[in-house]
Student: 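Before I ask anything, here is the structure I am working with.
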Amino acid sequence: MKIIVGISGGSGAIYALGILKALKDLNIETHLVVSTMGEYVVNHECGVNLEELKEMADCFYENYDLAAAISSGSFKTDGMIIAPCSMKTLAAIAHGYSDSLLTRAADVCIKDKRRLVLLPRETPLSSIHLENMLKLSNLGVTIMPPTPGFYNHPQDLSDIVSSIVGRSLDQLNVEHDLIKRWGE
Ligand SMILES: Cc1cc2nc3c(=O)[nH]c(=O)nc-3n(C[C@H](O)[C@H](O)[C@H](O)COP(=O)(O)O)c2cc1C
């Protein structure tokens with residue numbers, strides 16, 4: 001499989017790191033693009049710099065590089081996940097405003113009917129945010145706010161992150177054993 005991972009400047013960078021690590025462990029090819037504020041928040045929240053982030057993916061692209069492979073639908077992938085997804089990036093995708101590689105790659109997933117999973121993060125949500133989410137959901141995009149369940153009795157932060165990472169990978173049809181499933 002070939003998955004595009006986008007990181008924008010919402011809070012919850014730890015989910016992006018968890019997704020990249022899980023995909024690497026599963027030997028799934030990752031194509032990473034990070035917004036300027038995504039880079040800032042990853043560093044601020046997790047103490048991981050851009051060079052370290054690049055090491056976590058198979059291919060890294062500059063967000064200004066609109067001529068990169070993932071900007072074209074002819075470059076086939078199994079979908080894209082954006083974690084965290086800021087309200088700005090959400091708005092840009094909802095309106096087809098593809099002025100960065102991150103938003104263009106998402107636009108391509110929508111037009112080519114490929115899996116697109118967004119982990120939007122803001123609270124509270126305004127009507128603008130909710131309308132953008134509804135618009136994307138109606139287009140088949142998975143809107144997956146990283147709100148953990150507590151019914152599996154998470155013991156620590158890593159359990160919480162794993163549960164969100166696992167459910168996100170489910171949406172991308174990636175087989176994994178990161179989570180304890182209800183009823184198993
Ligand atoms: C520490 C930090 C946390 C932030 N958290 C959020 C957030 O949870 N949700 C959000 O929509 N924006 C958040 N922002 C603001 C975005 O980074 C800002 O709107 C930015 O323009 C998003 O750009 P991008 O989507 O290109 O990454 C945060 C900013 C900082 C500095």
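For the numbers below, each heavy atom of this structure counts, side chains included, while hydrogens, waters and symmetry mates do not. Residues take their numbers from the sequence shown, with the count starting at 1. Ligands are counted one by one from 1 in listed order, and the atoms in each one are counted from 1 as well.
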Student: Could you check whether atom CD1 of I128 has more than 12 heavy atoms from other residues, nucleotides or ligands sitting under 6.0 Å from it?
Tutor: no

Student: Which word best sums up how the rings of H31 and F75 line up, parallel for under 30°, tilted for 30 to 60°, or perpendicular for over 60°?
Tutor: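 Perpendicular, since the angle between the ring planes exceeds 60°.
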
Student: Going through the checks in order, is the salt bridge (Lys or Arg N to Asp or Glu O under 4.0 Å) test met by R104 and D65?
Tutor: CA-CA 10 Å; R104 168 66 187 167; D65 186 8; over 6 Å; no

Student: How close does the nearest protein non-hydrogen atom get to atom 22 (C) of ligand 1, and which residue and atom is it?
Tutor: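 Of the protein heavy atoms, S86 OG, 3.6 Å lies nearest.
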
Student: Show the atoms of ligand 1 that are less than 4.0 angstrom away from any heavy atom in R121.
Tutor: 7 (C), 8 (O), 9 (N), 10 (C), 11 (O)

Student: Could you tell me whether E45 and ligand 1 have an N or O pair separated by under 3.5 Å?
Tutor: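 No - when backbone and side-chain N and O of E45 are compared with those of ligand 1, no distance drops under 3.5 Å.
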
Student: Out of G6, A92, S35, G12, who is nearest to atom 27 (O) of ligand 1 when you count heavy atoms only?
Tutor: S35

Student: Report yes if some N/O of M87 lies less than 3.5 Å from some N/O of ligand 1; otherwise report no.
Tutor: yes

Student: So does I164 get a backbone contact from the side chain of S168, meaning a donor-acceptor N/O pair under 3.5 Å?
Tutor: yes

Student: Report the nearest protein non-hydrogen atom to atom 31 (C) of ligand 1: residue, atom name, distance rounded to 0.1 Å.
Tutor: M37 CE, 3.5 Å

Student: Counting only pairs under 3.5 Å, give me each side-chain donor-acceptor contact of residues 7-24, with atom names and distances, residues two or more places apart or in other chains.
Tutor:
from: S8; atom 1: OG; to: P84; atom 2: O; distance (Å): 2.7
from: S8; atom 1: OG; to: S86; atom 2: N; distance (Å): 2.8
from: S11; atom 1: OG; to: E45; atom 2: OE2; distance (Å): 2.6
from: K21; atom 1: NZ; to: D25; atom 2: OD2; distance (Å): 2.7
from: K24; atom 1: NZ; to: E55; atom 2: O; distance (Å): 3.4

Student: Closest non-hydrogen protein atom to atom 1 (C) of ligand 1, residue and atom name please, with distance?
Tutor: H44 CD2, 4.0 Å

Student: Is there a protein heavy atom at a distance of less than 4.0 Å from atom 6 (C) of ligand 1?
Tutor: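 At least one protein heavy atom is under 4.0 Å away.
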
Student: Within a distance under 4.0 Å of any heavy atom of S8, pick out the atoms of ligand 1 and give their elements.
Tutor: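 Selected atoms, number and element: 25 (O), 27 (O).
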
Student: Measure the distance from atom 10 (C) of ligand 1 to every protein heavy atom, then report the residue, atom name and distance (to 0.1 Å) of the closest one.
Tutor: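 Atom 10 (C) of ligand 1 sits closest to the protein heavy atom E122 OE2, 3.4 Å.
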
Student: How many angstroms lie between atom CG of L53 and atom CZ of F60, to the nearest 0.5 angstrom?
Tutor: 7.0 Å

Student: Can you tell me the protein heavy atom closest to atom 12 (N) of ligand 1 and the distance?
Tutor: G9 O, 3.8 Å

Student: Got a sec, which residues hit ring-ring contact (aromatic ring centres under 6.0 Å, His included) with F150, two or more places apart in sequence or on another chain?
Tutor: none

Student: Which protein heavy atom lies closest to atom 26 (O) of ligand 1, and at what distance to 0.1 Å?
Tutor: K88 NZ, 3.0 Å

Student: Is any side-chain heavy atom of L118 closer than 4.5 Å to one of T142?
Tutor: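 The answer is no; the side chains never approach within 4.5 Å.
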
Student: Report the nearest protein non-hydrogen atom to atom 3 (C) of ligand 1: residue, atom name, distance rounded to 0.1 Å.
Tutor: V41 CG2, 4.2 Å

